[in-house]
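We count ligands from 1, going down the list as the structure has it; atoms in each ligand are counted the same way.
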Amino acid sequence: MPTIAEAQPFPFAFDARRTALIVIDMQRDFIEPGGFGAALGNDVAPLARIVPTTAALLHACRAAALPIVHTRECHRPDLSDCPPAKRDRGAPNLRIGDDGPMGRILISGEPGAEIVPALAPHQGEYVIDKPGKGAFYATDLGLYLERLQIRTLIFAGVTTEVCVQTTMREANDRGFDCLLAEDATESYFPEFKSATLAMIRAQGAIVGWTATTRQIAEALKE
Ligand code: C5J
């Protein structure tokens, strides 16, 4: 069984035949200059910097024939799946559904909601549009993973403390072992990323493990 000896907080062993990769919300609106994230005043450069690492992780997982899931945070054009408790947050002049730099913000089918070209899903990979922060909420992700008898999830994507962490916690509650690729995830706030990595590993991997993309790729070759 592949084992990542250097994983934190302790070695992580997994059955590659029961493992899938989930890449969270690597969308143009969060990552590209001129998108929603930038319009909210965030520096998107740190998020853009993990694109090559995430591509390397995707490459390693594809080579190992792991099922791959890509998520996109976005809503129906009529906003029927976006409650006021979500839409009313953020900058008052730029809400979900408003016209933004890359089309309507976080709306399915708009250019900004697409995954960045370097990480575009391949034929046969599963793409999930999710209205929440967690990828299990109001989606069929759970059914998809159950059908494939998946027990372990490797995570990458943005942002570490919001959609990645929420989905890892949802997954952990559903009985999955969770491993986060620490150099293929990022936040607009460096202190939030490091706090999230610490929270995940704390108390004997209370949410899961972390490891580098290189360590994961090496283990997948075993
Ligand atoms: C945020 C996300 N940060 N994908 N979304 O609003 O983490």
> Hey, what do you get for CG (L141) to OG1 (T71), rounding to the nearest 0.5 Å?
Replying inline: 8.5 Å
>> Please verify the inter-ring angle class for Y144 with Y126; under 30° counts as parallel, over 60° as perpendicular, anything in between as tilted.
In response: parallel
>> Is there a side chain to side chain donor-acceptor pair (under 3.5 Å) between T53 and T213? Walk through the geometry before answering.
In response: CA-CA 7 Å; T53 331; T213 292; 5.8 Å; no
>> What I want to check is whether the side chains of T212 and D183 have a donor and an acceptor closer together than 3.5 Å.
In response: no
> For the hydrophobic clusters of this structure (ILVMFWY residues joined by side-chain heavy atoms under 4.5 Å, transitively), does one cluster hold both L40 and Y188?
Replying inline: yes
>> Under 3.5 Å, is there a donor on one side chain and an acceptor on the other for T210 and Q8?
In response: no
> Can you name the residues that come within less than 4.0 Å of ligand 1, going by heavy atoms only?
Replying inline: D25, F30, E73, V158, T159, V162, C163
